[in-house]
Protein chains: 2
Amino acid sequence: MSYKHKKVITIGIVSELTGLSERQIRYYEERRLIEPERTRGGTRKFSFTDVEKLVEIANQMEDGLQTAEIRRLEQKAQQQKDAKVRDQMIRGQLNAAFPNRNKS
Amino acid sequence: MSYKHKKVITIGIVSELTGLSERQIRYYEERRLIEPERTRGGTRKFSFTDVEKLVEIANQMEDGLQTAEIRRLEQKAQQQKDAKVRDQMIRGQLNAAFPNRNKS
DNA sequence: CGTGTAAGGAATTCTGACACG
DNA sequence: CGTGTAAGGAATTCTGACACG
């Protein structure tokens, strides 16, 4: 896992990086748009990808979307990516089984 | 500036990532081996490159080096890099001035 | 020199709740 | 629904100092 995905940033810094209030960030977590980790003491830890997601969320909120809609859109997008990865893996299996076949 | 260089990590997280005590980290700052930024309130903020430096420092301390020596070594290494960049820039200027000259 | 620790205080974060719309 | 805020408490961090070696 790269630095981008390491959960190391506290909410105050995230607030500065995104321009969102801490209240907003906590609320988006409650609505399961992001999933920060926690320290033993309970302090939230975010990654840079979380920060990127939050900026994206902020834009969508500005567009008048509700959190539930944003979550659904995010899930759809994720499923598309998963499907793509699946296809790639299947292609890989086929290439391994039939090394010199024509490209499909 | 990439994520690697953004100062966003608090000392507790850095301590976990490096295995160093907060005391050690603060001391290495005092000896100017690292330069964290600060929040308005005074809380230190480190980057992933700081974390990498600290791991390097930890290794050098294990090898019996003193902080002053580590700082000198670091400065030497930095100067080498600077010199390399200077050379590259000079080469670039030359190439711009004499486009089709023989390579030197 | 490098690091642990106790001390006191300040900054940061947390949760649950009330408010507004 | 989304967000601000005051409240009380807990976790986190800060500095300067003393200790040891």
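Every heavy atom of this structure was used, including side-chain atoms; hydrogens, water molecules and symmetry mates were not.
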**Request:** Could you please spell out the steps behind the salt bridge (Lys or Arg N to Asp or Glu O under 4.0 Å) verdict for B:E29 and B:R44?
**Result:** CA-CA 10 Å; B:E29 176 193 13; B:R44 269 167 271 249; 2.4 Å; yes
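Of all nucleotides listed (D:dC14, C:dG2, D:dT12), C:dG2 comes nearest to the side chain of B:T67. When each of C:dT15, D:dT15, C:dT3 is scored by its nearest atom to the side-chain atoms of A:R44, the top-ranked nucleotide is C:dT15. You'll find that the side chain of B:T39 is closest to C:dT12, out of C:dT12, D:dG4, D:dT15. Here the side chain of A:Q24 is nearest to one of D:dG4, D:dT13, D:dT15, namely D:dG4. The listed nucleotides are C:dT13, C:dG2, D:dC14; the one nearest the side chain of B:R26 is D:dC14.
Not a single donor-acceptor pair under 3.5 Å links the side chain of B:Q80 to the backbone N or O of B:A77.
Atom CZ of A:R71 is separated from atom C1' of D:dG2 by 14 Å (rounded to the nearest Å). The interatomic distance linking A:K7 (NZ) with C:dT13 (P) rounds to 17 Å, in whole Å. Here the P atom of nucleotide D:dT15 and the CD1 atom of B:I25 are 13 Å apart, to the nearest Å. Separating the CD1 atom of B:I11 from the P atom of D:dT12 is a distance of 13 Å, rounded to the nearest angstrom. Protein atom CG of A:L65 is 10 Å distant from nucleotide atom P of D:dG2, rounded to whole Å. Computed from coordinates, the B:R23 CZ to C:dG4 C1' distance equals 8 Å when rounded to whole Å. The CG atom of B:L33 sits 10 Å away from the P atom of C:dT3 (whole-angstrom rounding). Distance A:E37 CD to C:dT13 P: 17 Å, rounded to the nearest Å.
Positionally, the nearest nucleotide of DNA chain C for B:R31 lies more toward the 5' end than for the other of B:G42 and B:R31. Toward the 5' end of DNA chain D, the nearer of the two residues A:Y28 and B:K45, judged by each one's closest nucleotide, is A:Y28.
Centroid-to-centroid, the aromatic rings of A:Y3 and B:F48 come within less than 6.0 Å.
Considering only side-chain N and O atoms, B:Y27 lies nowhere under 4.0 angstrom from the phosphate OP1 or OP2 of C:dT3. Regarding contacts with the backbone of D:dT13, every side-chain N or O of B:T43 stays at 4.0 angstrom or more from both OP1 and OP2. Contact check, A:T10 against D:dT12: no side-chain N or O comes under 4.0 Å of OP1 or OP2.
Look at D:dC18: its Watson-Crick or wobble partner, with both distances under 3.5 angstrom, is C:dG4.
Between B:M61 and B:T67 there is a side-chain heavy-atom pair separated by less than 4.5 Å.
Residue-level contact check: A:R40 touches neither bases nor backbone, having no heavy atom under 4.0 Å from any strand.
For the pair A:E30 and A:R26, the salt-bridge criterion is not met [side-chain N within less than 4.0 Å of a carboxylate O].
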